[in-house]
Amino acid sequence: MKRPLTSKLLLCIALFFTSSFAFAQKKYSEKQIAKLKTEVAQIVEDNHKQTQIMIDKIFSFAELGFQEYESSKYLTGILKANGFEVEEGVSGIPTAWFATWKQGDGPTIALGSDVDNIPKASQYPGVAYHKPMVEGAPGHGEGHNAGIPLNITAALAVKQIMEREGIEGTLILWPGIAEELVAAKAWYTRDGLFDDVDISIFTHVSSNLSVSWGQASGTGLISVEYTFDGEAAHSAGSPWRGRSALDAVELMSVGWNYKREHLTTLKRSHSIITDGGDQPNVVPSKASIWYYFRDVTYEGIMEMYADANNIAKGAALMTDTQMSSRILGTAWPRHFNKTIAETMYENIKQVGLPTWSEEDQALAKATQAEVGSEPRGLSVNLSSLGMPVRSPVSGGSDDIGDVSWKVPTVTLRFPSNIPGLQGHHWSNAIAMATPIAHKGATAGAKAEAMTIMDFLLKPELVTQAWDYFNNVQSKETQYKPMISASDAPPIYLNKKIMDEFRPQLEKFYYDETKYGSYLEQLGVTYPTIKKGN
């Protein structure tokens with residue numbers, strides 16, 4: 001069922017047996033299903049306080065990718081306390097985990113979301129101008145602190161009804177570790193963690209409540225670091241005896257920048273020098289440069305990668321240095337499932353957008369004005385169902401793309417942030433421990449819980465989702481991992497940064513036993529706005 005089949009006959013047989021026997025449930029009428037969905041949404045609403053606490057708690061930890069130790073410890077503790085079996089350290093990643101709760105033989109539904117944050121994005125929540133909590137420290141300048149709390153809220157609401165009604169199925173929760181480095185989900189798929197999953201629902205913070213199907217806008221990418229080894233020497237006394245690895249890095253950078261002139265508009269690439277040597281009077285014996293190569297197709301990504309490898313080899317030849325490279329992350333272009341998206345959108349329409357208060361709108365408008373955007377406030381009109389892009393559109397990447405080519409998947413976007421901000425920026429952290437984030441996550445959890453109920457109680461939806469996956473999505477495109485069996489996740493990344501800032505951040509950790517909200521603990525008046533905004 002989970003893998004593309006070799007013939008339509010085998011597919012039909014597999015789908016028949018899956019829907020008729022493996023997912024046998026007590027038959028519920030549409031009226032009964034609607035009643036259970038209304039109830040699960042109400043349970044989510046009743047648990048709004050716990051959702052708020054989880055969101056605020058993860059915000060306060062402010063952990064970068066691969067260093068999400070406090071976040072993972074806290075979240076897995078909640079799941080363990082609620083009867084989930086947790087496998088920790090999956091795919092060789094210390095902060096990664098898969099949590100499973102199973103009752104009978106019904107559909108296996110995986111719920112994922114990211115948990116890491118952004119460098120140098122420290123920001124007081126609820127304050128509509130730049131005010132770092134710790135200068136230079138990381139912060140949730142995208143909003144990854146809200147997604148897993150949303151999933152936990154939805155899963156626990158569904159589990160409550162499943163236990164009472166005897167509904168069979170399996171719920172799996174998992175974190176998108178180091179999503180900002182696109183450096184975990186490809187390892188999960190390579191290692192078979194989704195092999196027994198029937199459908200996957202991913203959640204991501206946004207400024208509206210939405211879902212889409214088909215090819216998504218944006219790109220996939222491969223993340224690669226090139227390292228050059230040369231020979232050190234005294235930069236003034238005997239420079240002729242040195243072979244500069246930094247020269248090789250600079251030559252590669254020049255060569256690739258000339259190549260970028262000839263890339264199509266759907267390709268994007270950017271880099272940073274991660275090691276430029278030690279000090280000016282020593283010819284650098286080692287230097288490294290880190291690239292993201294993005295395109296809207298797998299083939300285009302791999303073409304860029306091959307070109308970059310050739311340029312790196314050329315730089316090594318010109319400088320008489322040795323070159324090596326390491327893949328640090330990958331993300332396939334995303335393709336989302338039609339059946340799941342259409343089912344979810346019907347639930348989104350029932351849930352609707354949150355009711356924003358005057359304070360919520362005031363914070364949003366002041367923040368928009370602060371960063372030079374139109375001060376239009378928070379969204380009040382629900383997004384339409386997202387359709388496949390007619391013409392590819394370049395842009396960002398997300399390694400949920402790898403999962404979407406392994407199992408029928410959608411991304412539920414939920415309205416916990418402010419529209420019109422630039423992303424990966426301190427301004428995107430302003431809303432993420434405020435009522436805006438809390439209300440948006442509760443709305444998203446309702447839509448997710450209702451969708452889970454649909455797929456548990458209507459096994460034919462699982463069949464239809466796999467039919468689209470096998471006969472439409474995968475008809476002409478087959479998933480090929482960009483990493484090999486020997487590529488290891490770069491779990492050392494961000495360690496030095498977190499070692500520097502964690503002691504300063506610890507005094508800001510949210511204590512929910514003493515304070516009703518993180519804003520209260522921080523002494524922030526909601527909203528805090530500059531005069532004139």
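- Counted by atom type alone, Ser223 and Trp290 present one or more donor-acceptor pairs between their side chains at under 3.5 Å.
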Worksheet entry | Stepwise side-chain hydrogen bond (donor to acceptor under 3.5 Å, both in side chains) test for Ser288 and Asp275 | CA-CA 5 Å; Ser288 301; Asp275 182 359; 4.9 Å; no
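- Of the inter-residue distances, the one linking Leu173 atom CG with Leu111 atom CG reads 5.0 Å to the nearest 0.5 angstrom.
- Enclosure of atom NZ in Lys120 is not indicated, since only 12 or fewer non-hydrogen atoms of other residues, nucleotides or ligands lie within 6.0 angstrom.
- Residues Trp174 and Phe194 place their aromatic rings such that the two centres sit under 6.0 Å apart.
- Scanning all heavy atoms of the two residues, the minimum distance from Ala429 to Ala121 falls at CB-O, 4.1 Å.
- At least one donor-acceptor pair under 3.5 Å links the side chain of His438 to the backbone N or O of Thr434.
- No donor-acceptor pair closer than 3.5 Å links the side chain of Ser207 to the backbone N or O of Ile418.
- Under the salt bridge (Lys or Arg N to Asp or Glu O under 4.0 Å) criterion, Glu370 pairs with Lys530, sequence neighbours left out.
- The shortest heavy-atom contact between Ile301 and Ala331 is CD1-O, 4.2 Å.
- Thr189 and Tyr479 form a side-chain donor-acceptor contact under 3.5 Å, judged by distance and modelled atom types alone.
- Using a cut-off of 4.0 Å between Lys/Arg side-chain N and Asp/Glu carboxylate O, Lys73 and Glu70 are scored as not salt-bridged.
- For Asn381, the CG atom counts as loosely surrounded, since its 6.0 Å shell holds 12 or fewer non-hydrogen atoms of other residues, nucleotides or ligands.
- Donor-acceptor pairing under 3.5 Å is recorded for the side chains of Ser397 and Thr219.
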Cut-off 3.5 Å, no hydrogens considered: what does the side-chain donor-acceptor table look like for residues 359-367, sequence neighbours left out?
{"residue": "Glu359", "atom": "OE1", "partner": "Ser357", "partner atom": "OG", "Å": "3.3"}
{"residue": "Asp360", "atom": "OD1", "partner": "Ser357", "partner atom": "OG", "Å": "3.3"}
{"residue": "Asp360", "atom": "OD1", "partner": "Tyr526", "partner atom": "OH", "Å": "2.6"}
{"residue": "Asp360", "atom": "OD2", "partner": "Ser357", "partner atom": "N", "Å": "2.9"}
{"residue": "Asp360", "atom": "OD2", "partner": "Ser357", "partner atom": "OG", "Å": "3.1"}
{"residue": "Asp360", "atom": "OD2", "partner": "Lys439", "partner atom": "NZ", "Å": "2.6"}
{"residue": "Gln361", "atom": "OE1", "partner": "Leu378", "partner atom": "N", "Å": "2.6"}
{"residue": "Thr367", "atom": "OG1", "partner": "Leu363", "partner atom": "O", "Å": "2.8"}

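- A distance-only check finds a donor-acceptor pair linking the side chain of Gln67 to the backbone of Leu493 [under 3.5 Å].
- Of the possible donor and acceptor atoms, none in the side chain of Asp114 sits under 3.5 Å from a partner among the backbone N and O of Pro175.
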List the atom pairs, with distances to 0.1 Å, where a side-chain N or O of residues 386-396 and a protein N or O form a donor-acceptor pair under 3.5 Å, not counting sequence neighbours.
{"residue": "Ser394", "atom": "OG", "partner": "Leu266", "partner atom": "O", "Å": "3.3"}
{"residue": "Ser394", "atom": "OG", "partner": "Arg268", "partner atom": "NE", "Å": "3.3"}

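- The closest side-chain donor-acceptor pair between His204 and Glu142 falls under 3.5 angstrom.
- With hydrogens and angles ignored, the 3.5 Å screen pairs a side-chain donor or acceptor of Gln368 with a backbone N or O of Pro419.
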Practice prompt. Could you check Glu63 against Tyr69 for side-chain contact (heavy atoms from CB on, under 4.5 Å), going step by step and ending with a plain yes or no?
Written response: CA-CA 8 Å; Glu63 294 176 303; Tyr69 289 97; 4.2 Å; yes
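- Atoms CG and OG1, on Leu79 and Thr100 in that order, are 10.0 Å from each other to the nearest 0.5 Å.
- Scanning all heavy atoms of the two residues, the minimum distance from Ala441 to Ile55 falls at CB-CD1, 3.5 Å.
- Between the Asp399 side chain and the Ala186 main chain, no donor and acceptor come within less than 3.5 Å of each other.
- For Gln123 (side chain) and Val127 (main-chain N/O), a donor-acceptor pair under 3.5 Å exists by modelled atom type.
- Residues Phe61 and Tyr509 place their aromatic rings such that the two centres sit under 6.0 Å apart.
- Between the side chains of Glu135 and Ser122, no donor N or O sits under 3.5 Å from an acceptor N or O.
- When every heavy atom of Val403 is checked against every heavy atom of Ser200, the shortest pair comes out as CG1-OG, 3.8 Å.
- Between atom CD of residue Glu512 and atom CG of residue Asp56 there is a gap of 9.5 Å, rounded to the nearest 0.5 Å.
- One N or O on the side chain of Ser113 and one on the backbone of Thr203 form a donor-acceptor pair closer than 3.5 Å.
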Worksheet item: Run the side-chain contact (heavy atoms from CB on, under 4.5 Å) check on Thr153 and Gln50 step by step: do they pass?
Response: CA-CA 8 Å; Thr153 301; Gln50 182 60 33; 5.9 Å; no
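- Applying the side chain to side chain donor-acceptor pair (under 3.5 Å) test to every pair with at least one member in residues 33-43, sequence neighbours left out, gives these pairs: Lys37-Asn347, Lys37-Asp454, Glu39-Arg164, Gln42-Asp46.
- Nearest approach of Pro125 to Tyr518, heavy atoms of both residues: CG-CD2, 4.1 Å.
- Under a 4.0 Å N-O distance rule, the pair Lys495/Asp499 qualifies as a salt bridge.
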Practice prompt. Check step by step if side-chain contact (heavy atoms from CB on, under 4.5 Å) holds for Lys267 and Phe293.
Written response: CA-CA 8 Å; Lys267 297 178 185 290; Phe293 304 115; over 6 Å; no
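- Residues meeting the salt bridge (Lys or Arg N to Asp or Glu O under 4.0 Å) test with Asp398, sequence neighbours left out: Lys185.
- A cation-pi arrangement, defined by a distance under 6.0 Å to the six-membered ring centre and an angle within 45 degrees of its axis, is present between Lys131 and Tyr124.
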Item to complete: Step by step, work out the side-chain contact (heavy atoms from CB on, under 4.5 Å) result for Tyr292 and Ser271.
Response: CA-CA 6 Å; Tyr292 277 13; Ser271 64; over 6 Å; no
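- Seen from the ring of Tyr74, Lys57 counts as a face-on cation partner, given the 6.0 Å and 45° thresholds.
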Worksheet item: Does the pair Asn208 and Ser206 meet the rule for a side-chain hydrogen bond (donor to acceptor under 3.5 Å, both in side chains), with working shown?
Response: CA-CA 6 Å; Asn208 211 307; Ser206 184; over 6 Å; no
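- Remark: side-chain polar atoms of Asn337 are not paired, donor with acceptor, to backbone N or O of Val410 under 3.5 angstrom.
- A salt bridge links Lys159 with Glu163: the distance from a Lys NZ or Arg NE/NH1/NH2 to an Asp or Glu carboxylate oxygen falls below 4.0 Å.
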For residues 84-96, please give each side-chain donor-acceptor pair under 3.5 Å, one per line with the distance, not counting sequence neighbours.
{"residue": "Glu88", "atom": "OE2", "partner": "Lys80", "partner atom": "NZ", "Å": "3.1"}
{"residue": "Ser91", "atom": "OG", "partner": "Trp187", "partner atom": "O", "Å": "3.4"}
{"residue": "Ser91", "atom": "OG", "partner": "Asp191", "partner atom": "OD2", "Å": "2.8"}
{"residue": "Thr95", "atom": "OG1", "partner": "Glu68", "partner atom": "OE1", "Å": "2.9"}

Item to complete: Determine, step by step, whether Ser72 and Trp97 satisfy the side-chain hydrogen bond (donor to acceptor under 3.5 Å, both in side chains) criterion, reporting the C-alpha distance in whole Å, the side-chain angles of both residues, the deciding distance to 0.1 Å, and the verdict.
Response: CA-CA 8 Å; Ser72 288; Trp97 45 270; 3.2 Å; yes
Item to complete: Determine, stepwise, if the pair Ser404 / Arg334 fulfils side-chain hydrogen bond (donor to acceptor under 3.5 Å, both in side chains).
Response: CA-CA 6 Å; Ser404 76; Arg334 291 157 288 174; over 6 Å; no
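- Proximity of a side-chain donor or acceptor of Trp405 to a complementary backbone N or O of Pro333 within less than 3.5 Å is detected.
- Of all heavy-atom pairs spanning Asp198 and Pro408, the tightest one is O-CD, 3.7 Å.
- There is no side-chain donor-acceptor pair under 3.5 Å between Arg413 and Ser210.
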